[in-house]
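Accompanying notes for the structure given below.
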Amino acid sequence: MTTKNQAEEKTNSLNFIESIIENDIKNNKNEKRVHTRFPPEPNGYLHIGHAKSICLNFGLAKRFGGKCNLRFDDTNPTKEEVEYVDSIMEDVRWLGFEWDGDVHYASDYFDQLYLWAEKMILDGKAYVDDQTSEQIASQKGTPTVPGKESPFRNRTPKENLELFRKMRAGEYKDGEKILRAKIDMASSNMHMRDPIMYRIIHKEHHRTGNKWCIYPMYDFTHGQSDYIEGITHSVCTLEFEVHRPLYNWYLDQLIDTEYRPQQIEFARLNLSYTVMSKRKLLELVQNKYVSGWDDPRMPTVSGMRRRGYTPEAIRDFADRIGVAKRDNVIDVSLLEFCVREDLNKKADRLMAVIDPIKLVIENYPEGKMEMVSVENNPEDESRGSREMPFGKEIFIERSDFMEDAPNKFFRLTIGKEVRLKGAYIIKAERVIKDAEGKITEIQCTYDPESRSGSGSEASKRKVKATIHWVEASQAVPIVVRQYDRLFNHEDPGGQEDDFKNYLNKESLKTLTHCLAEPAIKNLKKQDRVQFQRQGYFCVDLDSSNETIIFNRTVTLKDDWAKLSSKND
RNA sequence: UGACCUAUGGUGUAAUGGUAACACAUCUGAUUUUGGUUCAGACGUUCAAGGUUCGAAUCCUUGUAGGUCAACCA
């Protein structure tokens with residue numbers, strides 16, 4: 001019912017970009033074509049904000065029966081690397097999208113772009129400027145004060161062409177000359193004050209090698225690249241809004257077809273308790289605050305993948321947050337909700353004790369061992385069940401026992417009963433402590449008639465709680481990495497002081513004395529499971545045959561934790 | 001003291017001149033061999049002031065608040 005309504009709502013209510021496209025189709029714009037593109041610069045790893053953009057662009061194409069390109073915006077060889085190209089392609093595919101045709105590169109269009117630059121020179125729309133970047137900046141004015149024209153602004157087309165060709169031929173050093181568009185130094189839009197089209201960079205490019213020593217700027221590249229690829233709707237984030245007049249201006253100078261790509265801007269994603277800027281993420285990596293771009297605490301696609309998030313959950317998240325033009329901060333709990341919802345259906349249950357305490361069942365026969373049957377996923381019967389060994393000595397979670405328990409504590413305490421999931425009902429009789437008073441062992445009795453699924457009266461008895469456990473002799477040691485939010489401030493990047501001051505020092509706890517049931521050995525790297533009553537975990541890449549390492553993807557919702565922390 | 005953009009519950013997003021709704025979060029309760037899941041319910045919203053209109057979140061005016069723009073970055 002709910003899902004049906006949601007599905008209906010989805011088809012009926014459009015976001016503002018979908019409305020524009022629907023309207024364009026109605027008006028036969030571009031022969032009703034819809035062609036989008038995802039245009040990352042290969043200078044860093046993709047993060048959840050890019051995932052929003054990817055879902056948007058590929059989603060738009062899918063919804064309107066169009067196409068979506070992947071295009072690398074690689075116009076600056078000083079920042080870009082193949083490593084990033086590869087990781088971006090992997091991430092896009094992992095998220096579940098396939099681009100139309102081959103991968104595109106802005107650098108594929110360098111020849112055409114160069115020709116267009118010469119055309120603009122010939123048309124008197126562009127000129128070579130000999131000034132330093134400082135001089136040019138000083139003439140630029142401010143948003144409220146108009147700029148001054150360059151002394152080189154009125155060179156003849158012939159002279160400009162000659163100089164530009166020399167720039168290309170490598171006759172000048174970096175920064176010695178640049179090519180500028182001749183627009184309006186008094187424009188209220190700073191981007192229209194004779195923007196730079198080409199600069200000299202003597203650096204090998206990851207695709208074009210040493211063919212070029214001049215490289216086009218973003219503004220002189222993006223719209224034309226869209227045009228060349230037949231893009232109809234060029235979706236980007238809000239900070240490019242002021243670039244739109246320039247985007248259109250270049251196209252006006254260079255083409256006169258009816259077809260024209262249209263730039264549309266939307267608000268980028270902000271997530272609470274993390275940072276999203278490439279610069280800040282890079283800083284975390286370079287200064288080793290995290291283990292790398294794919295550290296499970298990072299909001300990067302590779303980090304989330306390693307953490308155990310699913311592409312389905314991320315796509316669902318992107319759907320739920322919507323698309324609009326106002327600044328937003330999405331509560332990270334929505335992302336966590338999407339992950340739990342997906343994993344609840346998919347992840348098999350397993351028992352693992354993170355902080356074990358020994359429990360001995362006094363009246364259980366010495367040396368006896370039996371197998372009990374446990375369902376793999378109560379949400380999905382088809383996942384079947386498995387056998388778990390049970391015996392006289394087991395381990396349970398230290399937090400599942402309390403000597404002086406408050407009323408609201410439903411778990412094990414002296415004189416009270418709990419059920420061991422899939423096995424028997426036990427009653428705590430006494431504890432053994434060490435010299436410091438720390439409990440080292442809990443001694444219990446069990447009700448032999450209460451075995452799960454035996455059908456006996458005793459097996460149907462209601463007890464306050466059911467807890468997880470592992471049999472001592474066959475327990476498998478595992479390592480668990482408990483991840484928490486990387487920052488302890490909702491908006492670490494928006495504060496006056498350094499965002500690193502808000503790093504959560506407890507964002508990673510590595511626990512090395514955990515124990516799991518034998519079935520844990522069947523898991524492969526990256527497999528996702530639910531550790532009963534605790535959370536979702538996945539097998540980390542660092543695992544070996546000797547040591548299985550688990551990353552905590554997300555905890556289960558925990559009303560008891562909420563309750564007990566409130567009483568503190 | 002410029003141009004452009006934005007303003008709906010705690011957080012997001014709908015409502016396209018006609019009953020302000022959906023999700024997350026929060027809080028109750030029921031169910032439960034996971035204090036999970038599921039189910040039922042509660043809480044709480046149109047930045048302000050004028051105007052147009054039978055009727056305004058929506059249109060107009062004027063404010064206010066927030067954001068973006070002054071890289072040979074994208």
Side-chain angles (χ1 to χ4, degrees), chain A residues 2 5-6 9 12-15 19 39-41 43 73-76 78-80 106 129 132-133 136-137 140-147 174-175 177-180 187-191 193 196-201 215 217-219 221-222 236 238-245 265 267 272 278 320-338 340-341 344-345 349 351 374-375 378-379 408-411 418-423 425 452-453 459-468 490 530-535 555-564:
Chain A
T2 318
N5 285 344
Q6 278 172 351
E9 211 173 291
N12 293 338
S13 115
L14 305 177
N15 66 46
S19 300
E41 182 188 14
N43 70 340
D73 227 328
D74 55 351
T75 58
N76 186 352
T78 63
K79 292 188 173 177
E80 295 146 9
D129 198 327
T132 64
S133 61
I136 290 170
K140 193 131 199 192
T142 70
T144 52
V145 179
D174 287 10
K177 288 192 166 34
I178 54 157
L179 184 71
R180 288 228 260 174
S187 171
S188 58
N189 184 337
M190 299 293 288
H191 297 280
R193 322 243 264 224
I196 291 166
M197 291 166 59
Y198 268 91
R199 74 288 212 194
I200 300 168
I201 302 174
Y215 292 91
M217 299 287 289
Y218 165 85
D219 286 303
T221 306
H222 205 89
C236 63
L238 239 32
E239 64 269 29
F240 290 98
E241 207 153 20
V242 281
H243 292 244
R244 192 177 353 126
E265 310 86 11
S272 62
K278 276 188 192 172
R320 286 170 185 266
I321 59 177
V323 178
K325 290 189 76 162
R326 63 171 146 162
D327 291 341
N328 60 82
V329 182
I330 309 284
D331 198 326
V332 70
S333 64
L334 179 62
L335 215 208
E336 293 172 345
F337 167 83
C338 294
R340 285 191 192 104
E341 187 173 64
N344 180 45
K345 291 174 297 188
R349 275 57 169 169
M351 292 202 214
V374 192
E375 62 199 335
E379 303 297 314
K408 296 270 189 181
F409 186 81
F410 302 153
R411 282 109 94 148
V418 295
R419 172 171 292 281
L420 297 172
K421 172 85 181 171
I425 293 173
S452 285
S459 74
K460 292 173 187 161
R461 280 168 51 211
K462 300 281 175 206
V463 289
K464 268 286 199 196
T466 299
I467 64 172
H468 61 277
E490 239 186 68
Q530 182 196 104
F531 286 162
Q532 200 97 39
R533 300 207 303 135
Q534 307 196 81
T555 61
L556 253 31
K557 275 172 69 179
D558 189 348
D559 282 346
W560 166 245
K562 242 184 240 175
L563 227 181
S564 48

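The shown structure was predicted, so the numbers you read here are calculated from the model rather than taken from an experiment. Quick note on labels: first sequence line is chain A, next is B, and so on, each numbered from 1.
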Original post:
When you measure from the side chain of A:N189 to the backbone N and O of A:V242, does any donor-acceptor pair fall under 3.5 Å?
Top reply: yes
**OP:** Decide yes or no for A:M217 and A:T75: does some side-chain heavy atom of the first lie under 4.5 Å from some side-chain heavy atom of the second?
**Re:** no
**OP:** Mind checking A:K278 for me? I need base, sugar-phosphate or nothing, with any heavy atom below 4.0 Å counting as a touch.
**Re:** nothing
Original post:
Is a side-chain donor or acceptor of A:D73 paired with a backbone partner of A:P40 at a separation under 3.5 angstrom?
Top reply: no
**OP:** Scan A:G453 against the nucleic acid and name what it touches under 4.0 Å (heavy atoms): base, sugar-phosphate only, or nothing.
**Re:** base
Subject >> Selected nucleotide, minimal atom distance to A:T144 side chain, candidates B:U1, B:G12, B:U34 >> reply: B:U1
Subject >> C1' gap between B:G29 and B:C43, integer Å >> reply: 15 Å
**OP:** Describe the nucleic acid contact of A:T221 in one word from base, sugar-phosphate, nothing, applying a heavy-atom distance below 4.0 Å.
**Re:** nothing
Original post:
Base, sugar-phosphate, or nothing for A:F337, non-hydrogen atoms under 4.0 angstrom?
Top reply: sugar-phosphate
Subject >> C1' spacing across the pair B:U52 / B:G9, given as an integer number of angstrom >> reply: 29 Å
**OP:** Would you indicate what A:V463 reaches in the nucleic acid, counting non-hydrogen atoms under 4.0 angstrom: base, sugar-phosphate, or nothing?
**Re:** nothing
Original post:
Sub-3.5 Å donor-acceptor pair from the side chain of A:R461 to the main-chain atoms of A:I425, do we have one?
Top reply: no
Subject >> Per-pair stack call A:Y218 and B:A74, 5.5 Å, 30° >> reply: no
Original post:
Distance check: side-chain N/O of A:R193 vs OP1/OP2 of B:A70, anything under 4.0 Å?
Top reply: no
Original post:
Side-chain donor or acceptor of A:T466 under 3.5 Å from a matching atom on the base of B:U34?
Top reply: no
Original post:
Checking A:R419 side chain against A:A423 main chain: does a donor-acceptor pair fall under 3.5 Å?
Top reply: yes
Subject >> Check: B:U34 base within 3.5 Å donor-acceptor of A:R533 side chain >> reply: no
Original post:
What's the CD-C1' distance between A:E375 and B:U32, to the nearest Å?
Top reply: 11 Å
Original post:
So what does A:S333 hit on the nucleic acid, given a heavy-atom distance under 4.0 Å: a base, only sugar-phosphate, or nothing?
Top reply: sugar-phosphate
Subject >> Euclidean distance for C1', B:A65 against B:A48 (whole angstrom) >> reply: 10 Å
Subject >> Counterpart base for B:A74, defined by Watson-Crick or G-U wobble contacts under 3.5 Å >> reply: none
Subject >> Most 5' of A:I321 and A:I201 on RNA chain B, judged by nearest nucleotide >> reply: A:I321
**OP:** Tell me what A:I178 touches on the nucleic acid: a base, only sugar-phosphate, or nothing, going by heavy atoms under 4.0 Å.
**Re:** base
**OP:** Please answer whether the main-chain N or O of A:F337 pairs with a side-chain N or O of A:E341 as donor and acceptor at a distance below 3.5 Å.
**Re:** no
**OP:** Choose from B:G35, B:C5, B:A70 the nucleotide whose nearest atom is closest to any side-chain atom of A:E241.
**Re:** B:C5
Subject >> Interatomic distance at C1', B:C69 relative to B:U13, whole Å >> reply: 28 Å
**OP:** Under 4.0 Å between any heavy atoms, over every strand shown, what does A:R244 touch: base, sugar-phosphate, or nothing? Just pick one.
**Re:** nothing
Original post:
Would you call the rings of A:Y218 and A:H243 parallel, tilted or perpendicular, where under 30° means parallel and over 60° means perpendicular?
Top reply: perpendicular
Original post:
Checking all strands, does A:F531 fall into the base, sugar-phosphate, or nothing category for heavy-atom contacts under 4.0 angstrom?
Top reply: nothing
Subject >> Pair A:E375 + A:K421, salt bridge at N-O below 4.0 Å >> reply: yes
Original post:
How would you label the contact of A:R340 with the nucleic acid (heavy atoms, under 4.0 Å): base, sugar-phosphate, or nothing?
Top reply: nothing
Subject >> Rounded distance in Å - CG (A:L563) to C1' (B:G35) >> reply: 9 Å
**OP:** For nucleotides B:U45 and B:A23, find the distance between their C1' atoms and express it as a whole number of Å.
**Re:** 15 Å
Original post:
Taking OP1 and OP2 of B:U33, is either one under 4.0 Å from a side-chain nitrogen or oxygen of A:K462?
Top reply: yes
**OP:** Provide, to the nearest angstrom, the distance between the CD1 atom belonging to A:I196 and the C1' atom belonging to B:C69.
**Re:** 16 Å
**OP:** Consider the side chain of A:R199, meaning its heavy atoms from C-beta on, and name the nucleotide among B:U11, B:A74, B:U6 that approaches it most closely.
**Re:** B:A74
Original post:
Using a cut-off of less than 4.0 Å, is there contact between a side-chain N or O of A:N328 and OP1 or OP2 of B:G12?
Top reply: no
Original post:
Roughly how many Å is it from CG in A:D558 to P in B:U37, rounded to a whole number?
Top reply: 10 Å
Subject >> Minimum-distance nucleotide to A:P143 side chain [options: B:A14, B:G36, B:C69] >> reply: B:C69
Original post:
Using the C1' atom in both, what is the distance from B:C27 to B:G67, to the nearest Å?
Top reply: 34 Å
Original post:
Is the side chain of A:D331 donor-acceptor paired with the backbone N or O of A:L334 at a distance under 3.5 Å, no angle test?
Top reply: no
**OP:** Name the pairing partner of B:U52, where a pair is Watson-Crick or G-U wobble with both distances under 3.5 Å, or state none.
**Re:** none
Original post:
For the pair made of CD in A:E341 and P in B:U38, what is the distance, rounded to whole Å?
Top reply: 7 Å
**OP:** For B:C39 versus B:U32, give the span between their C1' atoms, rounded off to a whole number of Å.
**Re:** 11 Å
Subject >> Atom pair distance, as rounded to whole Å: CE in A:M190 and C1' in B:U1 >> reply: 15 Å
Subject >> Toward the 5' end of RNA chain B, by each residue's nearest nucleotide, A:A465 or A:N15 >> reply: A:N15
Subject >> Per A:A324 side chain, nearest of listed nucleotides B:C69, B:U37, B:U13 >> reply: B:U13
**OP:** For A:G535, answer base if it contacts any base atom (sugar-phosphate contacts may also be present), sugar-phosphate if it contacts only those atoms, and nothing otherwise; contact means non-hydrogen atoms under 4.0 Å.
**Re:** nothing
**OP:** Please work out if A:Q534 contacts a base, only the sugar-phosphate, or nothing of the nucleic acid, heavy-atom cut-off 4.0 Å.
**Re:** nothing
Original post:
Should A:R320 be listed as having a side-chain N or O under 4.0 Å from OP1 or OP2 of B:A25?
Top reply: no
**OP:** May I ask you to check whether A:W560 and A:F409 place their ring centres under 6.0 Å from each other?
**Re:** yes
**OP:** Please report, rounded to the nearest Å, how far the P atom of B:C73 is from the CD atom of A:E41.
**Re:** 10 Å
Original post:
Which part of the nucleic acid, if any, lies within contact of A:Q532, taking any heavy atom under 4.0 Å across all strands shown: a base, the sugar-phosphate backbone alone, or nothing?
Top reply: base
Original post:
Where the side chain of A:P378 is defined as all heavy atoms beyond and including C-beta, which of B:G35, B:A74, B:G36 is the nearest nucleotide?
Top reply: B:G36
Original post:
Base, sugar-phosphate alone, or nothing: which one does A:K562 contact when heavy atoms must sit under 4.0 Å apart?
Top reply: sugar-phosphate
Original post:
Is there a Watson-Crick or G-U wobble partner for B:U11 with both distances under 3.5 Å, and which nucleotide is it?
Top reply: B:A23
Original post:
Judged by atom type as modelled, is there a donor-acceptor pair below 3.5 Å linking the side chain of A:R180 to the main-chain atoms of A:I196?
Top reply: no
Subject >> Length of the line joining A:D219:CG and B:C69:P, which is rounded to integer Å >> reply: 13 Å
Original post:
Looking at A:T75, does any N or O in its side chain come under 4.0 Å of the phosphate oxygens OP1/OP2 on B:A74?
Top reply: yes
Original post:
In the structure shown, which nucleotide is the Watson-Crick or G-U wobble counterpart of B:C4, with both distances under 3.5 Å?
Top reply: B:G67
Subject >> Distance-only donor-acceptor test (3.5 Å): side chain A:E379, base B:G36 >> reply: yes
Subject >> Euclidean distance for C1', B:A15 against B:A56 (whole angstrom) >> reply: 13 Å
Subject >> Phosphate contact (B:U37 OP1 or OP2) by A:K557 side-chain N/O below 4.0 Å >> reply: yes
**OP:** Could you tell me which nucleotide pairs with B:U33 by Watson-Crick or G-U wobble geometry, both distances under 3.5 Å, or answer none if nothing does?
**Re:** none
Subject >> Polar side-chain contact A:H243-B:A74 base: donor and acceptor under 3.5 Å >> reply: yes
